[in-house]
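Below: one structure, written as structure tokens.
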Amino acid sequence: MIKATDLCMQRLCRSAAVGLVFSLAFLCFQVGADASDETVPSVHAISMHGEPALPPDFVSLPYANPDAPQGGTLTLGVQGTFDSLNSFIVQGGWTSARGMKERQFGSNIFESLLMRSYAEPFTLYAHLAESVRMPDSREWMEFTLNPNAKFSDGSPVTVEDVAFSFDIIRDKGRPPYRNWYANIVAKEFPAERTIRLVFENGDNRELPLLIALAPILSKANTDAENFDKSTLKAPIGTGPYVFSEIDPGKRVVYKKNPDYWAKDLPVKAGFDNFDEIRIEYFRDETTLQEAFKKGLIDVLQFRDPVRWKTGFDFPAAKDGRVIQEEITLGTPANMQGIAFNTRRAVFSDVRVRRALAMLFDFEWVNRNIYYGLYKRTGGYWDNSILSSLGRPADERERALLADYPDAVIPEVMEGTWRPAEADGSGRDRKVLRAALGEFKKAGFDLKDGKLVDTGGGEALAFEILTKNEDEEKLALAYTRTLTLLGIDVTVRTVDPSQFEDRRIKRDFDMVFNTWYASLSPGGEQYGRWSQAAAEAEGSFNIVGAREPVIDALIDAMVGARSKEDFVAAVRAFDRVLISGAYAVPLYHVPDIWMAHWDTVVPPQEHSLYGDEVDTWWSAEADRN
């Protein structure tokens, strides 16, 4: 361990070398702080709240089979296209190839200093870094790299690569990545394989965990000058696979790296079992489904109840070669909704948005289109301890909301609010009258069969943008109810690439969107809801929310030091989003619907988040 006085001198020299100037008071503070650094232990894992579930000598993650056989090919399918191999930038970030670093298809190319266990709400275990140190204040964190960590070209991972990765994405990446990494105010190098990241303060207690999940890039193999430009040049990463084939818009093929540095680590036991992973792209959902039926796709997640209920009458499903699995989720339900673009004047009044949300006849849609398989979604963390539904706000929540008395409507505050419930007829007069009452409060009324602004005389009209047949079908069902109140709605379906382009440019009135939920929401909420993200290019603030109370509650969420404070902040946040009526809430199922051919095998135990296809293996390899 380098002494505090020596470390202080190193900092002085380093600061002078790069032209930085520190005040004497700041330096003295740092020396005092470093004097207690020696008491911070090096550990194998860190957790957002509480302690990690697994001890240092664990064998594997709970949802992976360490004895899984190796070999074979896994073919996956997605709807859409891709024209980039860089998902961390604005240009092409939304349309980059799948599977480089993501939960659904695995971190095949890029890896991070620590690796997340999806058997816990938010716990990270050592990976590229063999150990981590972080004080309770979370004002800094320190990583010591695994000496065996290397890129696929055989070069070692160094602290210079780590520092470069944070800097390049901070300077040229897209939100929310660049926002997270901008919070690193200093980088220090106490030892050859050690890097310390210093934050401005420890207020954002989730920030260190988000930093630990950053993709680590090869400095020598990354074009820093053109990093912010879309590219199809295969990147060099540390992951278990390398690119074997890149066919823009059609397929990407990953080939297993036989020299993968981490294949014997416990955190990777039972992962990355296939020799090859193929990801095929399809223009529409119907074509993707047909490809699965023909055996061109091994595993496919189903989101449409109609397809799940009626789409398995083909021979392979009848004779057992295709298997349906319902994987129970241990996480909150994702919020699926039709988002309002509040940047548009037509949706600037929350009363208009609330009235429009009331007119979605879930009961009719669920019975007539979806075989009654869905449950209605009300908020953003349904089916979890984080949800505000059915719970009156407690003292902690009310204290957080005290400075924003109009942010939450009374029934949401008291826990009695639920989405409007129609009789399933598609024309429930009770709901229509209630919605018309809300429209009147906003200055609209029926005139000659049209809902018009009583001030300017303009009819209420807008467009719902969809990207596939399923969204179009649902939008048309919704439209039928809207027209009963004289609302002029157009449903426009475009191809996936045009859909993404219009969504990125905010060129839409209403659009289908999913807000993914977890048991540990935090810093990602800035990118989805903050004022700064409302107009930021490439951000996930689809609706254009711009409310100070939202920023304040996200601050409270990420700064919470106890589970009680954290839960209170999320519930208060849930109440604000519900009251703001930023979307027409749709529905959810408590399970993930997965179908697969008997050529691939899933592990017996799944994660809290459902399927993890990078833990599956080949049935043929199993027989061998």
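Numbering starts at 1 and runs along the sequence shown.
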Quiz item: Any sub-3.5 Å donor-acceptor pair from Asn108's side-chain atoms to Phe105's backbone N or O?
Solution: yes

Quiz item: So does Lys309 have more than 12 non-hydrogen atoms from other groups sitting under 6.0 Å from NZ?
Solution: no

Practice problem: Identify the residue among Tyr260, Phe243, Phe274 that makes a ring pair (Phe, Tyr, Trp, His ring centres under 6.0 Å) with Tyr254. | Solution: Phe243

Quiz item: Does the pair Ser425 and Asp428 meet the rule for a side chain to side chain donor-acceptor pair (under 3.5 Å), with working shown?
Solution: CA-CA 6 Å; Ser425 66; Asp428 189 330; 5.7 Å; no

Quiz prompt | Lys/Arg-Asp/Glu bridge criterion (N-O < 4.0 Å) met for Asp319, Arg321 | solution = yes

Quiz prompt | Cation-aromatic face contact Lys101/Phe110, 6.0 Å, 45 degrees | solution = no

Quiz prompt | Contact summary for Gly426 and Leu484, nearest pair of heavy atoms | solution = O-CD1, 3.6 Å

Practice problem: Give the intermediate values and the outcome of side-chain contact (heavy atoms from CB on, under 4.5 Å) for residues Val253 and Ile279. | Solution: CA-CA 6 Å; Val253 181; Ile279 300 179; over 6 Å; no

Exercise. Could you tell me whether the side chain of Thr310 and the main chain of Val306 form a donor-acceptor pair under 3.5 Å?
Key: yes

Self-check item: Result of checking Glu471, Glu463, Glu472 against Arg492 for salt bridge (charged side-chain N to carboxylate O under 4.0 Å, His left out)
Solution: Glu463

Quiz prompt | Worked check of side-chain contact (heavy atoms from CB on, under 4.5 Å) between Phe462 and Val489 | solution = CA-CA 5 Å; Phe462 53 87; Val489 187; 3.8 Å; yes

Exercise. State yes or no: are the ring centers of Trp529 and Tyr582 separated by less than 6.0 Å?
Key: yes

Exercise. Could you tell me how the ring of Tyr125 sits relative to the ring of His44: parallel (under 30°), tilted (30 to 60°) or perpendicular (over 60°)?
Key: tilted

Self-check item: Heavy atoms from other residues, nucleotides or ligands near CD of Gln324 exceed 12 (cutoff 6.0 Å)
Solution: yes

Practice problem: State whether Arg278 and Glu276 are salt-bridged, where the test is any N-O pair (Lys NZ or Arg NE/NH1/NH2 against Asp/Glu carboxylate O) under 4.0 Å. | Solution: yes

Quiz item: If you draw a 6.0 Å radius around CZ in Arg427, do more than 12 non-hydrogen atoms from other residues or ligands fall strictly inside?
Solution: no

Quiz item: Is any side-chain N of the basic residue among Glu280 and Lys250 closer than 4.0 Å to the acidic one's carboxylate O?
Solution: no

Exercise. Classify the angle between the aromatic ring planes of His49 and Phe566 as parallel (below 30°), tilted (30 to 60°) or perpendicular (above 60°).
Key: tilted

Exercise. Mind telling me whether Tyr63 and Phe271 have parallel, tilted or perpendicular rings, with 30° and 60° as the class edges?
Key: perpendicular

Quiz item: Hey, is NZ on Lys255 packed in by over 12 heavy atoms from elsewhere, all under 6.0 Å?
Solution: no

Quiz item: Does atom NZ of Lys375 have more than 12 heavy-atom neighbours, drawn from other residues, nucleotides or ligands, at distances under 6.0 Å?
Solution: no

Quiz prompt | Distance flag, aromatic centroids of Tyr587 and Tyr370, threshold under 6.0 Å | solution = yes

Exercise. Apply side chain to side chain donor-acceptor pair (under 3.5 Å) to Asn513 and Arg503, showing your working.
Key: CA-CA 10 Å; Asn513 193 63; Arg503 185 167 69 163; 3.2 Å; yes

Exercise. Quick one: sort the Tyr281 and Phe82 rings into parallel, tilted or perpendicular, breaks at 30° and 60°.
Key: tilted

Practice problem: Could you tell me which non-hydrogen atom of Gly320 sits nearest to which non-hydrogen atom of Asp598, and how far apart they are? | Solution: O-OD2, 4.4 Å

Practice problem: Kindly assign one of parallel, tilted or perpendicular to the pair Phe88 and Tyr177, based on the angle between their ring planes and the thresholds 30° and 60°. | Solution: perpendicular

Quiz item: For the rings on Tyr374 and His588, is their centre-to-centre separation under 6.0 Å?
Solution: no

Exercise. Fit a plane to each ring of Phe302 and Phe292, take the angle between them on a 0 to 90° scale, and name the class: parallel (under 30°), tilted (30 to 60°) or perpendicular (over 60°).
Key: perpendicular

Quiz item: Is the centre of the Tyr478 ring less than 6.0 Å from the centre of the Phe362 ring?
Solution: no

Quiz item: Is Glu290 salt-bridged to Lys293, cutoff N-O under 4.0 Å?
Solution: yes

